[in-house]
Amino acid sequence: MNKNLSPEKEKSKSLDGSDQVAVRKDKLDRMREMGIDPFRSNWDQTHVSIEAVSLLQEDEELGPEVSVAGRIIAFRLMGKASFIKILDRAGKIQSYVRKDEIGEDEYALFKKLDLGDFIGIRGPLFRTKTGEVTIRAQEYRLVSKALRPLPEKWHGLTDNEQIYRQRYLDLVVNDDSRERFRARSKIIREIREFFWSRDFLEVETPMLQSVSGGAAARPFRTHFNALDCDFSMRIALELHLKRLLVGGFDRVFEVGRVFRNEGLSRRHNPEFTMLEAYQAYSDYRGMMELTQSLIQQVAQNALGSLTLDRTGGEPIELSGKWREAKYKDLIIDAVGRDDWFELPKVAKLEKAKELKIEVDPALEDFEVTNDVFEKVIEHTLIQPTFVTHIPRELCPLAKITEADSSTIDVFELCINGQEIAPAYSEQNDPAVQREAFMKQVGEETQELDDDFLTALEHGMPPAGGMGMGIDRLVIFLTNAANIRDTILFPTLRPS
RNA sequence: GGGUCGGUAGCUCAAUCGGUAGAGCAGUGGCCUUUUAAGCCAUUGGUUCCGGGUUCGAGUCCCGGCCGGCCUACCA
């Protein structure tokens, strides 16, 4: 609002209806003059919307009295009677409000309500002539005033920026968004149920770490004043969960936020939710069974289906036994050469150019191959696929395959053309682990976590471990277009 | 970071070659006691993202900036 306007001018402006906020504030002022302050009101509910609607059987015309509360999202005023629709946490319910039933004065006030206001309503249920279960209001009360208008009712809110910055508006007016976040919550709940049912212990490990390891990503750095030392936000859960294996908690999992100081994209948010689980006396084969069962159970219980619609493509089929494919076979198939792994780097770069993918010539040999995997193969793996026998250089935390020392006992589960969950037979030989770490510290952003190596020296049971990007899981389970549609408050540049 | 497209009323969108910035919803006033995007009549509302420039004249063209979408890069 323009602060330079004189009070008189502001008042006259408020009366013309052009400034909706001023009109609503004026309504609030008038109510207060009459001794009503909606911000000090409350309301006892007996039901939520959907519950109330379900009380009336198909063939019934009249039902019991209910009391509900919520936000007005539709207002159809017809002289001496009105229909309104209110939204609560469960859904929507309609109410029919008549002047001759609530009284003349109350009805006059009722007509001054605005879309977005919170009200409580009490009255018996009935069925309208079009069949909609509706509350016949005996009493209503404004319990909180909305001073700003809601976005338009029909198109909802479509402006991405506003959807992300003012998520509350998106949730009020966009049904699909509300449903997607409900689904996300249910998915995470089902993940927990799954692990609890298998006797895993849910734990919490530090987000603030002096050394952030377990992945090769740049961390966010911060400073802890009391100790006058630098800390990093965690980039993975792995190294602390393994310390717990050392400590004897031999089935643990954590669902938590990790932070990576990297770029933003349709599939990357700097803070995202990771699941990691470690099971002693298991290995990557055990993790394969666990991961498949987990996703199938979560999909079945949270969504009620194992077949997932996908915009612009074939549906994803989660039932049955999932495909397994060796990394090397996928590469050889993609490049069309059996001798790919024997080729010198120059020849590999040449072939990459033929495949029309950009590869930095400074990369190591195995990185060139991995570029082929990520740029040519990964996006084609729509149906669940466990990619196995991955080159050892790509992961320093896994055990080397016994029969082939060039690969590790690992799988990468790909679904919907993205990597969803890697899992390993975890490396528990402290000497081999230290060597692998040292090699990475030399060339990557990996930091050496000495305390973790000390823990390993105390002995870690053999174990299988699995990590899963929950946001990416939610993307394909809910058929979302963008990781930001699965995170309530995604990271944006400050406005 | 690079490329590209966009930012117009509270919301969703128009605006021809550079020529008075409009509509629907919402709001305001009125009619209407079973509506379903309720309907009918009347009506208010604009720093066209910001700052420069070209021009008689800029929402429109040019330059710079801000914010965002998509692609791309970085990213186990």
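In what follows, chains are A, B, ... by sequence order, proteins preceding strands, each numbered from 1.
- Rounded to a whole angstrom, the distance from the C1' atom of U47(B) to that of A9(B) is 13 Å.
- Side-chain atoms of His268(A) and base atoms of C75(B) include a donor and an acceptor less than 3.5 Å apart.
- If you measure from atom CD of Glu378(A) to atom P of A76(B), you get 12 Å, rounded to the nearest angstrom.
- Note on Arg148(A): nothing from the nucleic acid sits closer than 4.0 angstrom, heavy atoms only.
- U60(B) and A15(B) have their P atoms separated by 15 Å, given to the nearest Å.
- Checked by distance alone, Glu132(A) brings no side-chain donor or acceptor within 3.5 Å of a matching partner on the base of U34(B).
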I'd like a table of atom pairs between the protein and nucleotides 3-10 of chain B - only N or O on both sides, under 3.5 Å - with the distance next to each one.
none

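- On the C1' atoms, C71(B) is 46 Å away from U28(B), given to the nearest whole Å.
- Contact of Thr158(A) with U12(B) (side chain to base): no donor-acceptor pair of N or O atoms is detected under 3.5 Å.
- Comparing G27(B) with U48(B), their P atoms sit 26 Å apart, to the nearest whole Å.
- Atom P of C61(B) sits at a distance of 23 Å from the matching atom of G2(B), rounded to the whole Å.
- At a threshold of 4.0 angstrom between heavy atoms, the contacts of Leu264(A) include nucleobase atoms, whether or not backbone atoms are also involved.
- For the C1' atom pair drawn from G24(B) and A38(B), the interatomic distance equals 15 Å after rounding to whole Å.
- For His155(A) and C25(B), the NE2 to P distance is 11 Å, given to the nearest whole Å.
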